[in-house]
Protein chains: 4
Amino acid sequence: MPGTIKKLAVLTSGGDSPGMNAAIRSVVRSCAYHGVECFGVYRGYEGLIEGDFECLDARSVKGIINKGGTMLKSARSQGFRTKEGRQQAYQNLLDAKIDGLVVIGGDGSFTGALIFNQEFDFPVMGIPGTIDNDIFGTTHTLGFDTALNTVVDAIDKIRDTASSHNRLFFVEVMGRDVGHIALNAGIAGGAEEILIPEEDLGLDRLVESLNKSRKSGKSSSIVIVAEGDKIGKNIFQLKDYVDENMEGYDVRVSVLGHMQRGGSPSCFDRVLASRMGVKAVEALLNGETNYMVGLLNSKMELTPLEQAIKGKTKINLELLRVSDIMST
Amino acid sequence: MPGTIKKLAVLTSGGDSPGMNAAIRSVVRSCAYHGVECFGVYRGYEGLIEGDFECLDARSVKGIINKGGTMLKSARSQGFRTKEGRQQAYQNLLDAKIDGLVVIGGDGSFTGALIFNQEFDFPVMGIPGTIDNDIFGTTHTLGFDTALNTVVDAIDKIRDTASSHNRLFFVEVMGRDVGHIALNAGIAGGAEEILIPEEDLGLDRLVESLNKSRKSGKSSSIVIVAEGDKIGKNIFQLKDYVDENMEGYDVRVSVLGHMQRGGSPSCFDRVLASRMGVKAVEALLNGETNYMVGLLNSKMELTPLEQAIKGKTKINLELLRVSDIMST
Amino acid sequence: MPGTIKKLAVLTSGGDSPGMNAAIRSVVRSCAYHGVECFGVYRGYEGLIEGDFECLDARSVKGIINKGGTMLKSARSQGFRTKEGRQQAYQNLLDAKIDGLVVIGGDGSFTGALIFNQEFDFPVMGIPGTIDNDIFGTTHTLGFDTALNTVVDAIDKIRDTASSHNRLFFVEVMGRDVGHIALNAGIAGGAEEILIPEEDLGLDRLVESLNKSRKSGKSSSIVIVAEGDKIGKNIFQLKDYVDENMEGYDVRVSVLGHMQRGGSPSCFDRVLASRMGVKAVEALLNGETNYMVGLLNSKMELTPLEQAIKGKTKINLELLRVSDIMST
Amino acid sequence: MPGTIKKLAVLTSGGDSPGMNAAIRSVVRSCAYHGVECFGVYRGYEGLIEGDFECLDARSVKGIINKGGTMLKSARSQGFRTKEGRQQAYQNLLDAKIDGLVVIGGDGSFTGALIFNQEFDFPVMGIPGTIDNDIFGTTHTLGFDTALNTVVDAIDKIRDTASSHNRLFFVEVMGRDVGHIALNAGIAGGAEEILIPEEDLGLDRLVESLNKSRKSGKSSSIVIVAEGDKIGKNIFQLKDYVDENMEGYDVRVSVLGHMQRGGSPSCFDRVLASRMGVKAVEALLNGETNYMVGLLNSKMELTPLEQAIKGKTKINLELLRVSDIMST
């Protein structure tokens with residue numbers, strides 16, 4: 001029933017992503033704007049179970065919009081996977097008279113929220129925060145755009161040294177199940193080839209592609225490899241394969257790693273976080289529950305959490321084609 | 001008639017924007033991919049009139065995807081506004097057997113292209129390159145995203161010194177007729193107030209807003225002002241007004257200026273440029289003419305040049321509201 | 001007498017500069033390391049007069065090494081220019097049993113510290129924090145290196161658009177009395193000419209230099225102008241002069257402004273700040289007073305505050321020559 | 001004999017570093033300034049042997065001061081290690097009437113230059129280009145400052161995610177034999193511990209240090225590890241050791257890799273490169289040979305190549321102490 005919510009809580013859960021702080025700020029200020037009290041929960045669901053939360057006012061979130069990470073900390077909670085843990089969390093919320101929860105995180109975090117709602121009929125709303133862009137119901141997850149810029153900046157640097165030495169670099173980027181980072185950053189970084197989980201290029205075609213690239217006059221090459229690429233070899237095995245099967249290459253490997261998760265969020269992610277926070281709070285105040293807010297066709301839209309979790313984002317086939325044409 | 005085009009030309013015109021080089025690269029490589037010869041024209045329509053163009057192959061555009069500015073240079077051409085100028089341009093294209101033209105620029109450049117087509121029935125295709133995001137038919141113009149990040153980075157720096165000194169800063173950003181940069185960068189920069197051409201806030205409400213902001217405990221403030229804001233005073237007059245009408249403020253002004261047009265393009269702009277270049281070339285090869293390629297609902301779409309020129313982009317009212325809530 | 005100091009205070013005063021937070025952190029942690037209590041004073045000497053300071057432990061300065069601005073805020077204090085103000089400040093320090101003061105700031109701040117010491121025999125130590133690099137006794141002031149990178153980054157962006165349009169840009173950088181920023185950033189930004197307060201180039205030679213530059217085949221030019229350049233005209237008058245006296249130039253002006261003071265400090269400034277903080281605390285603990293710590297020949301050295309204030313830093317004539325040769 | 005040199009050649013050799021392009025530009029423009037012809041040699045000594053060089057004028061090096069890598073490419077030459085190779089290189093220089101050579105590179109490249117001089121009495125001058133800062137005779141090698149900023153930027157990002165999750169990160173940075181990058185970037189990045197080749201901390205003290213850090217209330221930690229650290233374990237073994245011997249840590253590893261070599265050079269490196277290029281050319285024109293130019297006490301100085309190669313740079317012990325105090 002709309003209008004009955006008086007106190008909200010917000011938490012960040014799962015892997016952190018740039019923009020989470022901006023989303024927290026937005027949730028807190030939207031609450032202040034609507035005269036609703038807002039509690040920040042520390043370390044995700046862990047803090048819910050331990051009662052580790054505190055009241056945040058509009059000034060508490062000053063100066064965080066441009067900070068990476070999450071001021072509320074994040075964690076993966078074993079306790080919340082148990083009925084007892086969730087019961088304790090519910091009791092803590094009841095005791096504090098909190099009657100709604102905003103969860104900023106990925107699909108694992110949303111699953112927790114959904115179960116929690118089903119068990120205790122507690123209003124929950126999700127904000128998709130992950131750099132992987134693997135959540136159904138939004139064209140962009142929070143942190144995706146920033147991570148892309150971080151990756152592209154690293155590729156630009158690697159290309160400086162690659163082209164000075166006529167080298168071949170394999171660069172591994174995040175994305176265990178989805179190739180969104182690899183595909184976009186690969187195009188933007190001018191990669192000769194991009195290996196993603198969604199498409200099995202095959203070693204033969206990789207070799208063929210590299211040979212073609214060299215024949216066309218390219219003296220250095222960069223191949224972007226998503227963590228979970230389909231060829232099924234890790235990046236060091238790829239290097240070994242090329243070392244053994246192709247002549248004249250000086251092959252190097254670079255694994256970009258966790259720096260992809262940090263950094264000051266881009267303008268895009270800050271605006272997206274601000275919009276999502278407003279939408280999440282107002283949806284709860286309007287009596288909605290079990291939804292995720294997302295960006296669809298440039299608008300804020302609600303997608304049922306269940307769909308957001310189960311739905312699969314697909315790789316944009318047009319981008320695969322663009323990548324192919326660009327490496328002409 | 002599809003399939004008849006054998007040689008394309010590409011030029012950049014009007015104010016430059018980050019991503020223009022990436023778009024040139026994409027046009028050139030798309031031509032190479034489709035076995036079409038591609039000519040780069042220097043200094044926009046001026047180069048067309050002077051016959052200042054040369055053949056570019058896939059390797060000619062190596063290493064430019066991450067460079068700001070435009071390797072083809074840009075200019076505003078007086079000659080092309082005359083019938084004689086356009087006649088000469090047409091003759092040069094005929095002589096070189098070029099049978100299609102891709103124009104990367106803003107609405108002024110598109111108007112030139114449209115007239116040129118109407119006079120000589122010459123196939124033209126537009127790519128929207130401008131940081132202002134003021135072109136109808138695309139949610140993002142080329143360079144907009146990069147400019148936003150540049151502006152936000154500058155605001156972050158200004159906030160460092162503003163908050164160290166408890167100062168009020170008026171920061172002017174580009175946007176003579178549209179407030180897209182101001183609105184997005186203002187939200188992302190945590191601005192207390194944003195003045196845009198589309199909305200006349202009025203001096204009284206500005207003063208009121210600043211007073212409210214101070215009462216709420218903020219010790220420093222940043223007001224973003226689009227070049228063409230509606231209050232009708234320039235930014236130095238705004239400062240004088242506050243100096244005279246409000247007490248206790250240490251007011252400073254910063255005009256960000258032309259640095260907003262430069263810099264290495266963001267991942268978003270590089271991918272967008274790559275997609276637009278492919279689409280523009282393939283549309284021409286498919287016999288389309290007088291269109292602009294654009295990003296609509298995450299897809300590449302064609303909009304008639306006439307609409308692109310006349311249509312008005314509207315400010316996103318949701319963003320105005322978000323800005324208002326965020327400055328709580 | 002060494003060893004007698006038990007409680008130190010630290011403040012930042014005057015214009016802020018990147019690295020001030022890193023210096024505060026270093027002072028606080030050096031105190032913790034030596035078992036000395038440390039107080040942070042807010043808003044410079046104002047906070048001293050108002051008794052606005054609090055105890056900081058090693059954890060209080062967590063996460064600030066990479067932040068621009070100063071967590072202690074800065075201000076210019078009228079009160080401290082009066083005997084009564086200083087008397088009150090002294091009393092507050094006495095009451096809190098604080099027996100030493102580290103002042104992070106420029107020569108104005110050091111003058112205050114020196115007078116304070118002379119009146120009350122209170123131990124003081126200076127850390128040179130200003131982007132202008134105009135303090136005698138150190139080759140680098142805190143924030144200078146960061147400001148240079150900020151300025152050079154802006155010039156790079158401006159050059160993108162300058163060279164796309166064959167334009168002449170006058171770019172104003174900070175430095176009212178000294179040209180260190182202009183000279184270094186001008187060389188690094190590839191400026192065609194650099195106007196500094198220390199050298200009167202003269203308008204004639206500027207015009208001559210620009211003409212030479214154009215004849216040598218340069219199609220765009222950037223002239224860096226220090227705020228206090230000797231020609232005695234402001235940057236807009238320079239533009240007007242060129243507009244009137246030279247043909248064929250499209251001249252633009254960019255005033256970089258306060259963004260030069262902000263931003264995350266460079267590695268150089270963070271290391272410098274860390275070293276200076278350690279040195280300042282240990283010098284006070286060793287019974288030294290009235291000194292400024294500085295970087296001389298890669299080492300931390302002490303210079304009497306009086307010399308630091310009165311001494312003049314000179315422009316490096318070698319750099320002027322290098323600039324001249326580079327614009328060949 | 002001074003004044004007899006009419007044609008110089010310049011090459012880059014060994015691992016590339018940011019600032020090499022700025023140094024090439026400076027050498028070329030210094031030659032132009034002094035009326036000396038200048039040849040750019042491609043791929044280091046390889047190009048010398050193959051006669052792969054061409055004349056560069058002042059305009060040839062336009063727009064490269066801010067580019068990473070080296071436009072002349074770099075390589076490690078097997079041929080130049082043979083008498084025949086060097087003989088061929090000498091003959092090529094003779095044929096082209098080139099009578100002096102500037103070598104931009106590290107100690108391996110200088111050794112080649114020295115042998116070449118000894119065999120053919122050919123004037124050579126070295127410019128120290130390497131990110132490792134391991135060359136005797138200069139406080140800063142070209143690229144060191146830029147690499148530090150790159151590393152610190154990456155650490156800042158990693159810390160965002162480390163502190164969001166209360167994790168321990170081992171971050172590997174370049175430096176096989178020297179710990180300059182690790183030590184400076186570690187201090188600037190706020191690392192809890194720094195492992196360098198020059199000092200064997202020992203596993204026990206590492207564990208002790210981490211325990212102390214945790215007891216002091218730090219919830220996340222970053223340990224910087226130079227490639228060639230003395231503990232003698234690689235970074236993955238370090239992780240395993242901590243996993244096995246310490247409880248409650250969530251340990252992650254990040255190897256920064258080749259991105260450390262690329263990127264647009266910092267202001268410091270661009271100015272340094274410009275000064276070094278001028279000095280190298282003028283020293284050769286003054287009849288000097290077998291020297292390396294370097295920065296000593298803020299001045300350009302010459303050091304005999306032999307000393308530059310054999311001399312050892314020492315770690316700054318003061319920095320080790322500062323690092324220790326800062327991790328209080």
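Here is how names work: the chains are called A, B, and so on, in the same order as the sequence lines, proteins then strands, and each is numbered from 1. Excluded from the calculations below are hydrogen atoms, water molecules and symmetry mates; all remaining heavy atoms, backbone and side chain alike, are included.
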State plainly whether the residues B:Asp156 and A:Arg270 are in salt-bridge range, i.e. N to O under 4.0 Å.
-> yes

Salt-bridge present (A:Lys6, A:Glu37; N to O < 4.0 Å) =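 No, this pair does not count.
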
More than 12 heavy atoms of other groups within 6.0 Å of A:Lys62 NZ | no

Test item: side-chain donor near acceptor, B:Glu192 and B:Ser213, under 3.5 Å |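 Distance-only check fails for B:Glu192 and B:Ser213.
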
Go through [options] and name the one with the most non-hydrogen pairs under 4.5 angstrom from chain A.
options	answer
B:Ala185, B:Gly189, B:Cys267, B:Gly217	B:Cys267
B:Ser298, B:Ser323, B:Ser216, B:Pro265	B:Ser216
B:Ser327, B:Ala58, B:Gly63, B:Ser274	B:Ser274
B:Ile187, B:Leu296, B:Asp269	B:Ile187
B:Asn297, B:Asn184, B:Val61	B:Asn297

What part of [X] is in contact with chain B, defined as an atom under 4.5 angstrom from a non-hydrogen atom: side chain, backbone, both or neither?
X	result
A:Ile65	side chain
A:Asn316	side chain
A:Leu319	side chain
A:Thr139	side chain
A:Ser264	side chain
A:Arg159	neither
A:Arg59	side chain

OG/B:Ser30 to CD/B:Glu282 distance, rounded to the nearest 0.5 angstrom?
-> 6.5 Å

Rounded to the nearest 0.5 Å, what separation is found between the CG atom of B:Leu148 and the CG atom of B:Asp145?
->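 Answer rounded to 0.5 Å: 6.0 Å.
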
Checking B:Asn149 against chain A: side chain, backbone, both or neither under 4.5 Å from a heavy atom?
-> both

What part of B:Ile325 lies closer than 4.5 angstrom to a heavy atom of chain A: side chain, backbone, both or neither?
->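 Both parts, backbone and side chain.
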
Flag the pair A:Glu172 / A:Leu256 as yes when at least one side-chain heavy-atom distance between them is below 4.5 Å, and no otherwise.
->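 No, too far: nothing below the 4.5 Å cut-off.
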
Any side-chain heavy-atom pair of A:Val223 and A:Ile194 under 4.5 Å |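 Sidechains of A:Ile194 and A:Val223: no contact.
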
Specify whether A:His140 and B:Phe268 have parallel, tilted or perpendicular ring planes, treating 30° as the upper limit for parallel and 60° as the lower limit for perpendicular.
->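 Ring orientation of A:His140 relative to B:Phe268: tilted.
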
Result of checking B:Lys299, B:Lys279, B:Arg275 against A:Glu318 for salt bridge (Lys or Arg N to Asp or Glu O under 4.0 Å) =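 Answer after filtering B:Lys299, B:Lys279, B:Arg275: B:Arg275.
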
Sort out for me which of A:Ser26, A:Ala22, A:Ala273 touches chain B most, counting heavy-atom pairs under 4.5 Å.
->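 Most pairs with chain B among the choices: A:Ser26.
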
